[in-house]
Novice: 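Here's a structure for you.
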Amino acid sequence: MTSLRKQLQHKIDLKTKPLGALGQLEKIALQLGMIQNTLAPELRKPAILVFAADHGLTDEGVSPYPKDVTWQMAMNFCTGGAAISVFCKQNDITLKVIDAGVDYDFPSGTPIIDAKVARGSRNMMLEPAMTAEECRQAMKQGAAFVRQEALAGCNTIGFGEMGIGNTSPSSLLMHRFLNLPIETCTGKGAGMEGEKLDHKTRVLKAVSKKYNPQTPEETLATFGGLEIAMMVGAILEAKKLDMVILIDGFIATAATLTAIQFEASVRENCLFCHASEEQGHQLMLDYLGAKPVLNLGMRLGEGSGAAVAYPVIKAAATFLNEMASFDEAGVSNKEENTEVQRS
C-alpha cells in the first residue's frame, strides 16, 4: 500500500461507523482520493459529453432502427427530452452534444457542437470503418473537448454516445481485445432478437474474418466508429489530466477497453457506473476487475447510467469529507481491533 492509500483507508475506517459499513461507498471514496492524490477529494463542475455518429454497417441490417434516429435523438438531447437530458438537469451536470460523424446537416443555431469528421463510418463488410487519419482526427478532437472542460474547472467527466448500430462496432472491439467468440460479445442492442440477432451475429463474424489489424489504433480504425474513437481520445486525455472518469454502459466500456490498449493506467481513473443488460458488458467488467456502482437493468446508453450514478459517487466524497470521526464525535472506538476485524 502506498502511504496515501493507507492514510485514506485510515480516514475511512475512523468514521463513526463499523468497519466497511458503507460498503462500496468506501471503495469509491478511496478511489476518488487516489485519483486526485488527496485525503479530501472534491467533484467539481461535472460534465457529460455525448458523441454522436452514424455507422455504415447499418446497411447490413444490424439494427432495427433507421439511421435517421441518430440525428433525431441528438436533437432530442438538446431540447431536453431525452433520458440523459433530464438526469443531467436533475443532478446539475453540464451536458454537451457533439456531432462526431452524423450523416445529417444540423440547422445553424442548434446547440450541437460540430466536430464532424465524416458523414458516418464506412460499411465494414466492404472496407474498414475509418481511415487511420479519420480515427486519429476523432481521437484528437475528443481529447480537445476534455481539455476544454478541464480549463473551465471540471474535474469529473463522463461520456455518452448516440449512434444507430453502435453496439456492433463495440462487440467487434470487445471480441478482438478480449479474444472472445463473437456470439459471446453480441447482444440485442436496440432490439435485435431471434433470427434478427442471429443475422447480426453472422454479419459481425464475416466482418471479423475480413480483417487482421495488428495495433490498437488499427483495430479501432477498422472496427470502431467515429463517436467511439472520439470517446477513446477523450478518455485518454481525461486520464492525463487526472480527472475522475464516469463510464456508462456497454459502448462506453468498449471504448474504455480500447483506451486501455493505448494506456493501461487509464483503468485507475475509471468509475464504472452501472451494469448494462447488454450481453457482454458483464464480461468486460469482470475482465477490468470493475464492480459497477449501480445495477438497475438499464441498457439505454447516452451516458444515462453515468448521470444516474453521479449522486452516489458524490455521496462517497461527501461522507469522506464531512462525516465525523470517532474522536471528533466523542464516540468510543476500539481502533486497535481494526486489523482483527478486517481479517
Side-chain angles (χ1 to χ4, degrees), residues 47-58 63 65 67-78 82 84-85 94-108 110-124 128-149 157-170 172-173 190 216-217 219-238 245 247-259 262 301-304 306:
I48 290 180
L49 307 181
V50 177
F51 301 108
D54 280 307
H55 296 264
L57 193 63
T58 57
S63 173
Y65 288 94
K67 69 179 181 180
D68 279 353
V69 174
T70 301
W71 72 260
Q72 291 165 356
M73 281 301 298
M75 293 288 286
N76 190 31
F77 296 160
C78 292
I84 187 60
S85 312
T94 296
L95 173 63
K96 292 187 178 175
V97 182
I98 298 159
D99 175 7
V102 181
D103 189 12
Y104 179 77
D105 295 316
F106 291 101
S108 60
T110 303
I112 294 174
I113 299 167
D114 182 9
K116 198 190 299 286
V117 175
R119 297 182 72 93
S121 59
R122 294 167 179 80
N123 184 345
M124 288 182 267
M130 296 170 277
T131 65
E133 179 54 36
E134 287 169 343
C135 185
R136 283 193 290 268
Q137 184 183 346
M139 291 177 68
K140 286 177 183 176
Q141 293 210 58
F145 286 119
V146 170
R147 286 195 299 274
Q148 191 176 73
E149 294 305 312
I157 194 160
F159 305 105
E161 39 58 45
M162 182 60 223
I164 292 302
N166 65 7
T167 60
S168 289
S170 300
L172 285 163
L173 292 170
E217 183 178 89
T219 304
L220 177 58
T222 301
F223 297 119
L226 292 161
E227 83 278 39
I228 295 171
M230 211 165 274
M231 198 184 305
V232 171
I235 291 168
L236 289 167
E237 188 66 18
I245 308 173
I247 303 300
D248 189 39
F250 181 67
I251 294 147
T253 304
T256 305
L257 179 65
T258 305
F262 289 84
E302 304 178 2
S304 55

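Residues: numbered from 1 along the sequence shown. Side chains are part of it too, since the values below use all heavy atoms of this structure and drop only hydrogens, waters and symmetry mates. Quick caveat, the model's predicted, so the values are computed rather than measured.
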Novice: As an exercise, state the distance from CG of L173 to CG of L257, rounded to the nearest 0.5 Å.
Specialist: 8.0 Å
Novice: With the side chain counted from C-beta on, respond yes when I157 and L49 share a heavy-atom pair under 4.5 Å apart, and no when they do not.
Specialist: yes
Novice: What distance do I251 atom CD1 and T256 atom OG1 have between them, rounded to the nearest 0.5 Å?
Specialist: 11.5 Å
Novice: List for me each residue that meets side-chain hydrogen bond (donor to acceptor under 3.5 Å, both in side chains) alongside N123, sequence neighbours excluded, and say none if there are none.
Specialist: E60
Novice: Taking side chain to side chain contact (heavy atoms under 4.5 Å, CB included) as the definition, give me every residue that meets it alongside S85, ordered by chain and number, with sequence neighbours left out.
Specialist: F77, A82, L95
Novice: Within the 4.5 Å heavy-atom criterion, are V102 and K67 side-chain neighbours or not?
Specialist: no
Novice: Does the pair I113 and V97 meet the rule for a side-chain contact (heavy atoms from CB on, under 4.5 Å), with working shown?
Specialist: CA-CA 6 Å; I113 299 167; V97 182; over 6 Å; no
Novice: Work out which heavy atom in M130 is nearest to a heavy atom in R122; give both atom names and the distance.
Specialist: CA-NH1, 4.0 Å
Novice: Let me know which of V50, V146, I98, D248 forms a side chain to side chain contact (heavy atoms under 4.5 Å, CB included) with F159.
Specialist: V146
Novice: Sequence neighbours left out, what passes side-chain hydrogen bond (donor to acceptor under 3.5 Å, both in side chains) with E217? Give chain and number order.
Specialist: R136
Novice: Taking all heavy atoms of P111 and all of C78, pick out the closest pair and write down the distance.
Specialist: O-SG, 3.5 Å
Novice: Just jot down the side chain to side chain contact (heavy atoms under 4.5 Å, CB included) partners of Q137, sequence neighbours excluded, or say none.
Specialist: V117, E133, Q141
Novice: Return the minimal non-hydrogen interatomic distance between S63 and I164, and the atom names on each side.
Specialist: OG-CG2, 3.4 Å
Novice: I'd like to check the salt bridge (charged side-chain N to carboxylate O under 4.0 Å, His left out) partners of D54; sequence neighbours left out, ordered by chain and number.
Specialist: none
Novice: Applying salt bridge (charged side-chain N to carboxylate O under 4.0 Å, His left out), name anything that partners E149, two or more places apart in sequence or on another chain.
Specialist: K96
Novice: Just to verify, what does S170 make a side-chain hydrogen bond (donor to acceptor under 3.5 Å, both in side chains) with, not counting sequence neighbours?
Specialist: none
Novice: Under the rule for side chain to side chain contact (heavy atoms under 4.5 Å, CB included), what residues qualify as partners of D68, not counting sequence neighbours?
Specialist: W71, Q72
Novice: Just jot down the ring pair (Phe, Tyr, Trp, His ring centres under 6.0 Å) partners of F106, sequence neighbours excluded, or say none.
Specialist: Y104
Novice: Could you give the side-chain donor-acceptor pairs of residues 226-237 under 3.5 Å, partners two or more places apart or in another chain?
Specialist:
unit_1: E227; atom_1: OE1; unit_2: H55; atom_2: NE2; d: 3.1
unit_1: E227; atom_1: OE2; unit_2: H55; atom_2: NE2; d: 2.7
unit_1: E227; atom_1: OE2; unit_2: N166; atom_2: ND2; d: 3.0

Novice: Would you please name every residue forming a salt bridge (charged side-chain N to carboxylate O under 4.0 Å, His left out) with D105, sequence neighbours left out?
Specialist: R119
Novice: For T219, is there any backbone N or O sitting under 3.5 Å from a side-chain donor or acceptor partner on T222?
Specialist: no
